[in-house]
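Beneath this line is the structure, given in structure tokens, with notes to follow.
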There are 4 protein chains.
Amino acid sequence: MDLFGTAGIRGSTADRVTPELALAVGQAVGAEIRSRDASGARDTDALEPTAVLARDGRETGPALAAATAAGLAAAGVAVERAGRLPTPALAHASRGRYGVMLTASHNPPTDNGIKLFRDGREFDRELERAVESRVGDDPSAADWDAWTEPVRTRPLAEYLGDVREYAGRFGAGLDGLRVAVDCGNGMSGPATPTVLRELGAEVVTLNGNVDGHFPGRGSKPTPETLADLRAFVADANADVAEPGRPTGGRGDGEGTDGGTEGFAFGIGHDGDADRIVVVDADGEIVHEDTVVAVLAERYVAESDAADPVVVTTPNASGRIDERVRAAGGRVERVRLGALHEGIAAVRDAAADGSNAAAGDGATRVVFAAEPWKHVHVGFGGWIDGVASAAVIARLVADEGLDALREPVSERPYRKVSVPCPDDAKASVMDRLETALPGAFPSAAVDTDHGVRLEFDDASWTLVRPSGTEPYVRAYAESDDVDALVAEVEAAVEAAVRAVDSEA
Amino acid sequence: MDLFGTAGIRGSTADRVTPELALAVGQAVGAEIRSRDASGARDTDALEPTAVLARDGRETGPALAAATAAGLAAAGVAVERAGRLPTPALAHASRGRYGVMLTASHNPPTDNGIKLFRDGREFDRELERAVESRVGDDPSAADWDAWTEPVRTRPLAEYLGDVREYAGRFGAGLDGLRVAVDCGNGMSGPATPTVLRELGAEVVTLNGNVDGHFPGRGSKPTPETLADLRAFVADANADVAEPGRPTGGRGDGEGTDGGTEGFAFGIGHDGDADRIVVVDADGEIVHEDTVVAVLAERYVAESDAADPVVVTTPNASGRIDERVRAAGGRVERVRLGALHEGIAAVRDAAADGSNAAAGDGATRVVFAAEPWKHVHVGFGGWIDGVASAAVIARLVADEGLDALREPVSERPYRKVSVPCPDDAKASVMDRLETALPGAFPSAAVDTDHGVRLEFDDASWTLVRPSGTEPYVRAYAESDDVDALVAEVEAAVEAAVRAVDSEA
Amino acid sequence: MDLFGTAGIRGSTADRVTPELALAVGQAVGAEIRSRDASGARDTDALEPTAVLARDGRETGPALAAATAAGLAAAGVAVERAGRLPTPALAHASRGRYGVMLTASHNPPTDNGIKLFRDGREFDRELERAVESRVGDDPSAADWDAWTEPVRTRPLAEYLGDVREYAGRFGAGLDGLRVAVDCGNGMSGPATPTVLRELGAEVVTLNGNVDGHFPGRGSKPTPETLADLRAFVADANADVAEPGRPTGGRGDGEGTDGGTEGFAFGIGHDGDADRIVVVDADGEIVHEDTVVAVLAERYVAESDAADPVVVTTPNASGRIDERVRAAGGRVERVRLGALHEGIAAVRDAAADGSNAAAGDGATRVVFAAEPWKHVHVGFGGWIDGVASAAVIARLVADEGLDALREPVSERPYRKVSVPCPDDAKASVMDRLETALPGAFPSAAVDTDHGVRLEFDDASWTLVRPSGTEPYVRAYAESDDVDALVAEVEAAVEAAVRAVDSEA
Amino acid sequence: MDLFGTAGIRGSTADRVTPELALAVGQAVGAEIRSRDASGARDTDALEPTAVLARDGRETGPALAAATAAGLAAAGVAVERAGRLPTPALAHASRGRYGVMLTASHNPPTDNGIKLFRDGREFDRELERAVESRVGDDPSAADWDAWTEPVRTRPLAEYLGDVREYAGRFGAGLDGLRVAVDCGNGMSGPATPTVLRELGAEVVTLNGNVDGHFPGRGSKPTPETLADLRAFVADANADVAEPGRPTGGRGDGEGTDGGTEGFAFGIGHDGDADRIVVVDADGEIVHEDTVVAVLAERYVAESDAADPVVVTTPNASGRIDERVRAAGGRVERVRLGALHEGIAAVRDAAADGSNAAAGDGATRVVFAAEPWKHVHVGFGGWIDGVASAAVIARLVADEGLDALREPVSERPYRKVSVPCPDDAKASVMDRLETALPGAFPSAAVDTDHGVRLEFDDASWTLVRPSGTEPYVRAYAESDDVDALVAEVEAAVEAAVRAVDSEA
């Protein structure tokens with residue numbers, strides 16, 4: 001059974017993510033945990049054979065959580081039910097054991113989904129396949145006397161405390177820094193505003209009440225859905241000299257005295273708080289690749305590893321590579337949605353490498369990110385938008401958002417789609433693996449995830465087949481993006497024609 | 001789908017009462033509740049479209065409860081989760097709405113089951129069929145925004161208070177009466193000893209800790225499984241003049257001072273506290289029909305109805321009829337496991353009757369019971385062993401157990417099985433409907449549930465086909481039971497032969 | 001002991017509203033409840049001798065709630081702990097029993113307080129004095145075996161459902177009406193946005209995350225603390241033709257599509273959601289007396305009572321009287337903070353009146369309000385800002401905010417303070433009771449709460465001594481307010497001089 | 001303020017252990033924890049500044065727990081509320097942090113008390129004095145923003161699992177061993193029967209339902225209060241060849257089949273499960289010192305320490321010393337109620353000793369016990385009757401109770417009281433420190449806790465002044481106890497006369 005799409009188990013609660021599926025997945029995950037626990041050898045790091053279970057704020061969450069808990073408990077796995085949590089808080093709680101998060105992230109409220117964690121990281125492909133295989137089988141519960149009774153837990157406070165402590169290692173105290181946060185009625189509501197306030201910020205929150213109908217805005221943070229936040233920040237800052245800097249002397253718990261000081265920046269989250277969008281003092285969205293670049297540079301600069309690595313995805317901008325290289329690190333790319341696998345791959349390679357003599361920590365992943373999604377490796381192996389908010393706020397308090405962005409080159413970006421039958425894609429890509437490097441002899445070539453060319457000035461282009469539609473897609477970022485795209489598009493079209501004529 | 005056997009939904013958790021079934025039944029019951037709520041007209045008495053959910057102490061209860069809750073919630077029905085309860089406490093909590101009880105009563109710990117209640121009464125056949133039909137269909141949840149979030153409730157204290165208040169209407173204050181209660185590690189543990197103590201008794205409890213393994217004794221109370229209780233009571237009373245009478249002067253919360261006073265009587269319950277067994281001061285079990293007769297007589301005597309009715313089952317002894325008639329009432333019989341239907345039938349008949357002019361309450365069911373199971377109609381429409389314990393204790397405190405039993409004639413009882421092919425049963429019973437009255441012309445005949453003959457001295461015999469095995473069974477209770485049984489057995493054998501020769 | 005100021009028990013948690021006080025008040029309230037329950041006769045309406053306990057979102061709430069619960073439980077009263085609630089939801093839950101709300105309303109986060117409810121209404125003076133007297137005594141718990149065990153309850157959903165149903169009787173369906181709600185990090189966060197969304201609105205929430213630090217703004221809603229909300233609404237509406245009207249066709253759960261439609265109006269609440277402030281589409285605050293006048297007129301108009309009464313306070317504007325009279329009702333005034341007593345007084349008077357023959361309901365209070373605080377009598381006897389939000393939204397959806405305000409005359413308002421020694425206040429007021437009517441012979445005079453003069457055009461002035469400072473204060477509302485105030489001020493000064501010269 | 005008697009804080013809830021006291025102690029303990037946490041240096045072992053709070057089954061427990069939680073939370077300490085627990089389970093949960101247990105152990109139900117734990121051990125005198133001092137002061141809460149919100153926890157299952165695992169290191173599998181356990185309606189009800197069942201026993205439980213009225217028997221286990229248990233075991237074993245040995249072949253979850261096999265032994269606990277009494281197959285109580293001796297010998301024998309030490313109290317029998325010496329260890333005595341201090345003293349001495357070179361673990365406390373109370377040092381530093389039950393059951397399963405007792409010499413024991421004015425006690429004891437060794441020159445002398453003489457055959461006598469009454473008391477255990485007591489009594493009387501004549 002093919003359960004896990006690129007976004008994991010996710011879909012409509014009317015016909016896909018039903019209580020029946022949640023029960024089956026719970027039972028399958030539970031059986032897998034028990035099997036690994038029993039077989040000992042497979043779990044060399046000796047995880048507790050228990051699972052912590054949470055959900056986001058969707059209306060369908062409580063019933064699905066009950067069904068999942070039933071499956072886990074009947075499989076003989078101890079279950080802690082954590083109620084509503086941000087996804088990163090559930091991941092945090094899954095350290096040393098297993099975790100199940102019921103969330104459809106930024107999907108509409110009709111949907112829901114299931115994300116699986118093991119020791120703070122999303123399930124890898126091996127574990128996913130093991131679960132799929134068990135869901136396909138007849139469900140098989142544990143013996144009656146091994147069934148467990150789920151208990152309650154409330155791990156949010158510990159998570160928030162750990163985020164606070166972690167972020168405190170970077171930048172400077174917030175000291176009254178004013179921040180506007182749009183939680184989109186999602187699970188960041190009980191998290192990000194609290195963390196920032198505890199770190200010293202003055203926080204004004206939009207849509208901070210958790211509501212599974214997402215009444216305030218669409219759950220996915222986009223320039224459109226964040227229009228309220230952007231206008232709110234921009235208007236508040238219209239006549240303010242230095243927006244969002246603390247005006248001093250409050251600390252009286254009386255709240256802001258009228259909002260005349262404006263906001264240093266704004267933050268938008270998705271429904272389960274793994275994504276973050278940053279809005280500047282003018283209400284404009286800071287490009288997601290720029291946010292990654294800023295964080296990546298900082299993490300590399302502060303690392304004491306001999307070979308600090310940042311993991312990102314093929315569609316992420318060369319500006320990241322530029323800043324990472326400037327700070328003395330290097331970038332590795334992994335397919336979209338697989339940051340956790342990329343981190344593991346770098347680790348495994350380092351462990352196997354002939355440079356083992358270089359000692360522990362010579363090669364170390366210091367950050368992993370795809371646009372909007374950041375794994376703060378020093379904090380934990382999961383995507384964490386709340387930690388991003390806290391770290392970014394500390395950096396902004398120290399240097400200001402403009403200063404942080406200044407070194408990042410933001411080049412124009414374009415994307416085109418060239419029609420190509422599904423059955424021709426493989427041949428087309430084969431041809432392009434030769435044709436494109438030939439057309440751009442000065443570029444560095446990477447064919448791990450499509451064909452990616454990178455130029456000396458960090459301009460880049462990526463060509464890859466769509467996974468779901470009859471197109472080959474080309475992405476490019478360059479000071480002269482139109483010319484670059486035109487040339488690449490022509491090469492792709494030529495390859496498609498050539499394959500077609502062969503057939 | 002045939003879900004409901006004579007014992008309701010009950011069986012092994014390994015292959016029958018699984019989380020999948022619990023989820024499906026939860027969803028089916030929920031859909032039925034919503035449908036009735038929506039259709040208005042069907043629920044003329046306007047029940048709340050909500051369900052209260054509980055379980056007994058079995059190890060498989062928590063997971064099955066989670067699955068059931070998931071089904072109900074996804075069907076759009078508000079769910080209150082009550083944790084562990086005696087079945088009668090769940091029934092009590094279901095008044096004005098619906099109730100789901102996860103229990104296999106006295107079955108072994110490998111099993112579990114689902115009992116359904118509507119407004120304090122078990123589902124009738126119409127409702128059972130509606131649920132069966134829905135379970136057979138593809139499950140169909142409510143729209144996403146109608147799914148509910150189960151909440152917690154703790155109805156036990158209110159139930160215990162109501163039992164106490166109800167029992168207080170009968171007999172006398174317990175005033176230190178000493179009672180031994182064997183809860184069999186079932187759900188009476190947190191109920192019966194507490195109620196009796198609150199009513200003033202000194203209670204010593206056996207197996208009062210709830211444990212789904214039933215370590216102390218078999219969950220079904222029988223002379224064998226109650227051996228410990230019987231020996232405990234008998235030995236404690238060995239040298240006591242007036243066993244179990246209060247010795248006065250304690251009231252100091254120090255507990256009993258050594259047990260030298262013995263016990264007035266003992267009580268044994270099954271796993272979910274609907275059944276009760278009474279043990280006398282000599283450690284002997286009081287016959288279950290005698291217990292019914294004592295309660296029936298009392299309820300009839302205390303009723304102000306013009307036509308007080310006691311409902312019982314065909315296998316229940318004529319001693320019940322004797323005592324009921326002595327008190328001025330009459331007995332109606334209904335098939336085993338259907339006391340709630342019998343009560344409803346009497347009510348409906350009374351409401352329809354030409355004697356409507358006789359006014360409200362002219363005909364009234366004042367008690368309904370089958371052996372070990374008592375419906376205290378003045379308290380509620382469910383089988384309630386805890387209420388039985390409380391009422392009996394009040395009666396014993398008033399009169400003593402011996403005095404209560406004294407008027408009840410306990411005649412010898414026998415049961416025989418005559419081989420008869422399944423396909424011959426109907427014809428055999430047809431013949432016996434004529435043959436038996438012919439053989440015993442002095443007897444009153446009732447053919448509603450088999451053929452039942454009753455004699456002037458309340459002796460009786462009942463002949464009916466087994467529902468599960470190739471036998472026709474004959475029961476008899478009489479001062480000369482051997483002669484009576486011999487004659488009946490011969491008649492049955494003759495009928496079997498006659499049918500066989502016809503074929 | 002003088003516990004109850006004009007704001008009830010309220011003050012700093014450092015030295016006034018401590019756990020010790022909460023324990024003592026809990027025990028005193030509990031003892032009073034038990035005493036009334038035991039004495040039977042005093043509680044003629046047979047309340048349950050139980051208390052429901054809740055708190056607002058302050059940091060000190062959990063410890064104070066635990067202490068209060070300890071006191072109530074040790075006094076032998078059954079306690080249901082409801083966690084965090086808006087004050088009106090606690091009041092709603094206290095119907096038929098007692099309620100304790102831990103809140104300091106709009107005070108700073110350092111403070112907390114205790115509000116006491118009986119059957120949905122705040123304690124009257126007699127009950128307050130009984131509690132004060134018991135707190136002054138040595139605490140005296142119940143006998144050990146009467147102590148209770150607090151249990152949990154979650155009454156919010158039922159409250160929200162009842163608000164929704166109640167509001168549904170007025171105005172029209174919201175049908176996508178866009179509303180901005182600033183919850184000020186208080187307890188309206190889980191209430192008002194949900195109710196409005198369920199009624200069909202598109203709601204954008206400011207500071208909807210509950211946070212006892214009130215980081216977003218001061219807890220008291222004023223023009224200054226609501227600056228963010230006002231700017232947010234005004235800016236969103238800057239280029240919108242018909243702000244806040246539904247644009248149709250969403251219903252897809254995707255949230256608003258960018259906020260371009262603006263907002264029909266805005267709402268601000270205080271920390272515990274009893275107060276409401278309404279903001280118009282231009283971001284201006286609608287005068288609190290105007291809001292009262294709009295609601296009062298509507299309630300009178302929709303009442304079928306022969307003599308519909310609106311209760312308000314002396315400082316409330318004559319525009320209320322105007323609208324009430326226009327709708328066929330009359331106004332009664334009661335001292336500030338005592339709306340519940342005013343309602344009771346009108347009821348008692350009606351019950352005692354010689355017009356008893358006129359039948360039940362001839363005289364009926366249909367609404368009671370002081371500025372920002374509304375008792376929706378048809379819903380319940382407590383101040384309820386959430387119900388206000390729901391009813392106003394329905395009225396706005398039906399007619400538009402401008403149309404609702406249009407009939408209300410908003411005259412200029414002023415207030416002055418005339419120095420007057422505390423010991424002279426009584427004599428000064430004595431003199432003014434004659435002097436002011438003499439100076440304004442055309443005015444209707446009311447001397448129940450100071451001296452209040454009302455003119456034919458609903459202009460009015462009120463003179464009363466300050467309760468806490470050495471001033472006599474004069475309030476006036478009139479088209480020519482400066483002249484009116486000058487004349488009144490002169491009269492007060494003359495009275496002060498006269499008294500002074502006598503001394 | 002003198003809070004801590006020899007039994008800690010304990011007394012009537014009517015006038016001593018009130019909610020006010022619980023609040024004050026909670027706040028004092030909380031302030032002390034915060035102070036130690038803040039001062040860092042004092043808590044060198046870096047405990048979490050949090051407290052876990054539990055109570056036994058008394059009626060006054062919930063209110064006192066709420067008050068204690070309020071005090072701790074207002075002091076700024078994170079509180080986990082564990083509900084009802086056996087005291088040893090709370091102690092277990094307090095490892096790495098602090099613990100508060102509300103229990104009056106075996107006192108009558110009118111009483112309650114407060115036991116304080118730090119890192120699994122009872123508070124030492126220094127901590128007790130710090131708490132006393134703070135309770136005497138005005139209560140002073142933390143700043144408002146440091147107050148905490150108590151959360152729920154359920155540590156029982158983990159505790160039971162750890163007991164099971166620990167006991168598994170000793171003796172043999174229970175394999176159907178039959179045990180009768182009288183929980184006395186105390187907190188062992190949810191603990192000991194479960195642990196024994198999980199270890200494989202067939203357990204029949206008396207008074208296993210938790211009831212704060214202690215209806216079944218007095219809370220303190222004595223020969224009298226255990227009369228029911230003793231008779232139950234004796235009668236069940238009357239005709240059984242090998243009582244309590246498993247009869248094989250069950251394992252079917254059906255419970256015992258009639259109790260004909262009898263019981264290997266019985267167990268009685270007090271109200272909070274720190275004490276244990278063992279009953280043999282004849283229903284006789286095994287002497288408490290014999291139980292200590294059996295365990296002590298075993299722990300010494302299984303220890304790999306060079307110098308294994310058993311800590312006990314002066315009133316404990318020489319039979320303990322005999323068995324400990326036989327196994328190669330030695331005994332240290334400490335005053336009654338201070339086993340935890342004795343353990344610490346031995347540790348400290350070992351750490352300071354010149355034999356430090358002998359290496360870690362040369363000297364190690366392997367067991368500490370006073371009659372009925374056992375500290376299983378290898379499991380944890382608290383008194384634990386549940387662990388005792390489990391270990392003893394494993395030993396019995398291995399060897400049989402008779403074989404375990406066989407090597408222990410049980411000599412006759414007597415106690416006499418000699419009148420002596422309080423102000424003469426010190427001088428009398430001074431004299432006896434010389435006189436008694438003079439009178440018994442062959443005895444080894446220990447004057448640490450009164451005067452204790454021990455003879456070559458492990459006979460002993462102890463003389464010490466009563467702490468509460470005008471007596472000097474003499475205890476003796478010897479094959480010729482009457483002669484020994486007579487001689488000692490004479491010496492004491494002589495000393496009293498001598499002191500009197502001096503005065």
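Since the model is a prediction, treat every value here as computed from it, not as a measurement.
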Return the [atom1] to [atom2] distance between [X] and [Y], rounded to the nearest 0.5 Å.
| X | Y | atom1 | atom2 | value |
| --- | --- | --- | --- | --- |
| C:Gln27 | D:Glu20 | CD | CD | 5.0 Å |
| D:Trp144 | C:Thr13 | CH2 | OG1 | 8.5 Å |
| C:Trp147 | D:Thr60 | CH2 | OG1 | 5.5 Å |

If you look at every heavy atom in [X] and [Y], which pair is closest and at what distance?
| X | Y | result |
| --- | --- | --- |
| C:Pro62 | D:Pro150 | CB-CD, 3.9 Å |
| D:His213 | C:Asp145 | CE1-CB, 3.6 Å |
| D:Ala74 | C:Pro19 | CB-CG, 3.6 Å |

Side chain / backbone / both / neither for D:Thr68 at chain C, heavy atoms under 4.5 Å =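 For D:Thr68, no heavy atom lies under 4.5 Å from chain C.
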
Please flag which part of D:Ala67 lies under 4.5 Å from any non-hydrogen atom of chain C: side chain, backbone, both or neither.
->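 Interface part for D:Ala67: both.
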
Options C:Asp15, C:Leu64, C:Val79, C:Asn112, ranked by heavy-atom pairs under 4.5 Å with chain D, top entry |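 Of C:Asp15, C:Leu64, C:Val79, C:Asn112, C:Leu64 has the most heavy-atom pairs under 4.5 Å with chain D.
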
Lys/Arg N to Asp/Glu carboxylate O, D:Arg84 vs C:Glu149, below 4.0 Å =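 No.
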
